[in-house]
Chemist: 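Supplied in structure tokens, the structure appears directly below.
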Amino acid sequence: MAGGNGFDIDALVEPDRVHRACYADEEIFEREIRQIFHKSWIYVGHESQVPNAGDYATTVIGKQPVIMARHPDRSIHVLYNRCPHRGALLCNQRSGNTGAAFTCSYHSWQFKMDGKVRHIPIQSGYDNTRFSLDDPDSHMKPVARKEVYRGFVFASLAADGPDLKDWLGTAIAGIDDMCDRAPEGEVEVVPTCFRMIQKSNWKIFLENQLDAVHPSITHTSTGLAAQKVEQEMEAETGKPPPLSYHYISAFAMDLDKWGALDVVGHPHGHCVLQGYMGLRPSDPDTLEYEEVMRKHYGPERTEEILDVNIHHLLVYPCLSIQSPLQQLRAVRPLAANKTLTEIWHFRLKGAPEPIYRRALDYFYLVNSPSTMINADDLYNFWKCQVGLESEGGDWVSFHRNAGQDRVEDGVATSNIGFSELPMRNQFEAWRDYMAAEDGA
Amino acid sequence: MSEVSLETQRRVEQFLYRQAEILDERMWDDWLNLFTPEGHYWMPASPEQTEGEGQANIFYEDHYLMRVRIGRVNHPNAWSQYPPNRTGHVVSNVIVETEDAASGDIVVRSKFYVAEYRNDEQRFFAGKYRHDLVNSPDGYRIRLQRVDIVNAEGPFDYVLQYWI
Ligand code: FES
Ligand SMILES: [Fe+2]
């Protein structure tokens, strides 16, 4: 399938099915890293991970290790994690405070939070050499582009391309919805990040996030077990079970109800699954929160905010967001058959503590390393990967409700939650990224 | 470390070994009975954590959540339990931290090592337990079990479906 130095991408992606090589071929994976992850906007982190001057957090953009750092002037910088002297990693901790400078452990070169050299030992050795501080190569290299939207830091390793807001388009609603639900209009990260390694291709994860057919099948065991305990609890304590049980018992809801959700495909592969289970109950905690919201926003705007109906939103290719519960999973592909997800959750600034506890409960039940939900998802992902590496068939089917989407201004919508629209939409973007000229 | 009688040391050790056996043999009714009605099983997400309530944890479960977990793994459609995992626990280095003179309640530290086999793969876990035990005529029961796994902050390549 490799022809010259490229691939026949059109032979791999058809409107309603894609070739298994997209998931299994290492060369295709390498091209994805270059053409997608090293070009598009990638989520780096949230600025509340680095609140104070000298704070830093490390992650990867594609295969490039990077540092997000807070400068004393409050600006945020995203730098390659590499010492300009002989190339050592500068930070090999996930986060910390480095004081006034990053100091290299090898020969003690020092750099400020914007990556500029602060100090180089044995200065005289550079007299009468070509080495110069005017040369950008003497400083830590910043990423080509960086933008911060409502505290969410994105970077792109490509100098050219749409700016962040244009690229996000209507998918910006995922970030807005999360922040708007905070009475103060901002969220703050909770520092615990759970990291899961999936033994499967990164696209399998993203496709699963908006797959409304799978929950009541994959998660039936946990859904039913939670339902039973909800009943027992009510009988034993005389009180209704906490909302958190509903987060997992809802997985046992009838398949039809999932089908009633809407799916939307935006340009650049971003997608939304609309609708949510019991988002706006009328318990005292919710009512108190709504009161706080009205104080900050007024009654009309509060209704508008609480009416936003996102279950799950994908910022393709790097993020899965559940804004009503302040959950976020960042995708870091490691190999064709291996993917790391960094899982975070957030506090709504100004919201009462019980509202935070909902985010925390969801983070625990669905996203922690002891999850009773993702346990079965990860197993499915692995099984898909093994099957897609086999020669038992060449195609992955995305035919369900194909050709039935409503398309308007580049946005595809279906009111059939089961439609495989999100998968088709992601692959449309994938094909565009992958078919582009190398380096273009 | 408090000086305890050989008899107390022996009772505490037997309790810890029994818990390990219950886990390995999947005796879930016995598992629930190890805990007081308000008892919690807690695995912090980092060794610095000082409490489980209101924090992001790897495990923080009371009776009801434990019942959900048991109900789930026993359900025929718990897909990731085909094939099921099997575990072998070793508990050691048992140091009684305090013994309440009046009640006989105990705080005890120990170390564990767990081998887990599933789907042709083996994983190993190590760490320490800290049990807060209530003494009663029919034996000890757990008010709080803290489990510090050495790789708490590490990436996990497959979830922890059972208590460690
Ligand atoms: S490699 Fe960093 S100072 Fe030499
Ligand atoms: Fe799922």
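Each chain gets a letter, A, B and so on, in the order the sequences are listed, and its residues count up from 1. Side-chain atoms are counted along with the backbone in the values below, which use heavy atoms only and exclude waters and symmetry mates.
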Chemist: To the nearest 0.5 Å, what is the distance between CZ on B:Arg69 and OG on A:Ser221?
Modeler: 11.0 Å

Chemist: Does some side-chain heavy atom of B:Asn57 sit less than 4.5 Å from a side-chain heavy atom of A:Thr192?
Modeler: no

Chemist: What is the distance from atom CD of A:Glu232 to atom NE2 of B:His63, rounded to the nearest 0.5 Å?
Modeler: 12.5 Å

Chemist: Quick one: do B:Arg67 and A:Met233 satisfy side-chain contact (heavy atoms from CB on, under 4.5 Å)? Show the steps, please.
Modeler: CA-CA 11 Å; B:Arg67 281 196 226 165; A:Met233 195 185 285; over 6 Å; no

Chemist: Let's test your reading of the structure: which of A:Leu378, A:Thr218, A:Leu340, A:Asn374 forms the most heavy-atom pairs below 4.5 Å with chain B?
Modeler: A:Thr218

Chemist: How long is the straight-line distance from OG of A:Ser370 back to CZ of B:Phe156, given to the nearest 0.5 Å?
Modeler: 9.5 Å

Chemist: Based on non-hydrogen pairs under 4.5 Å, which of A:Tyr245, A:Trp382, A:Tyr356 is most in contact with chain B?
Modeler: A:Tyr245

Chemist: Less than 4.5 Å apart, side chain to side chain, heavy atoms only: is that true for A:Pro369 and B:Val159?
Modeler: no

Chemist: Compare all side-chain heavy atoms of A:Glu230 with those of B:Tyr64 and state whether any distance is below 4.5 angstrom.
Modeler: no

Chemist: Can you tell which part of A:Thr222 gets under 4.5 Å to a heavy atom of chain B, answering side chain, backbone, both or neither?
Modeler: both

Chemist: Should the pair B:Arg72-A:Asp376 be classified as a salt bridge under the 4.0 Å nitrogen-to-oxygen rule?
Modeler: yes

Chemist: What distance separates B:Asn77 CG from A:His219 NE2, expressed to the nearest 0.5 Å?
Modeler: 12.5 Å

Chemist: Of all heavy-atom pairs between A:Tyr364 and B:Phe59, which one has the smallest distance, and what is that distance?
Modeler: OH-CA, 3.3 Å

Chemist: Specify which of B:Trp163, B:Tyr60, B:Tyr158 makes the most heavy-atom pairs with chain A at under 4.5 Å.
Modeler: B:Tyr60

Chemist: Is atom CG of A:Asp254 surrounded by more than 12 heavy atoms (other residues, nucleotides or ligands) closer than 6.0 Å?
Modeler: yes

Chemist: At a heavy-atom separation under 4.5 Å, does B:Leu65 approach chain A through its side chain, its backbone, both, or neither?
Modeler: both

Chemist: Considering non-hydrogen atoms only, spot the tightest contact between B:Glu153 and A:Arg94 and give its length.
Modeler: O-NH1, 3.4 Å

Chemist: Looking at chain A, which one of B:Gly154, B:Ser80, B:Gly71 has the largest number of heavy-atom pairs inside 4.5 Å, strictly under?
Modeler: B:Ser80

Chemist: What distance separates A:Tyr379 OH from B:Gln161 CD, expressed to the nearest 0.5 Å?
Modeler: 9.5 Å

Chemist: What's the separation between atom NZ in A:Lys383 and atom CH2 in B:Trp79, rounded to the nearest 0.5 Å?
Modeler: 7.5 Å

Chemist: Tell me, side chain or backbone of B:Asn74 under 4.5 Å from chain A's heavy atoms, or both, or neither?
Modeler: neither

Chemist: At a heavy-atom separation under 4.5 Å, does A:Lys199 approach chain B through its side chain, its backbone, both, or neither?
Modeler: side chain

Chemist: Quick one: what part of B:Gln55 sits under 4.5 Å from any heavy atom of chain A, side chain, backbone, both or neither?
Modeler: backbone

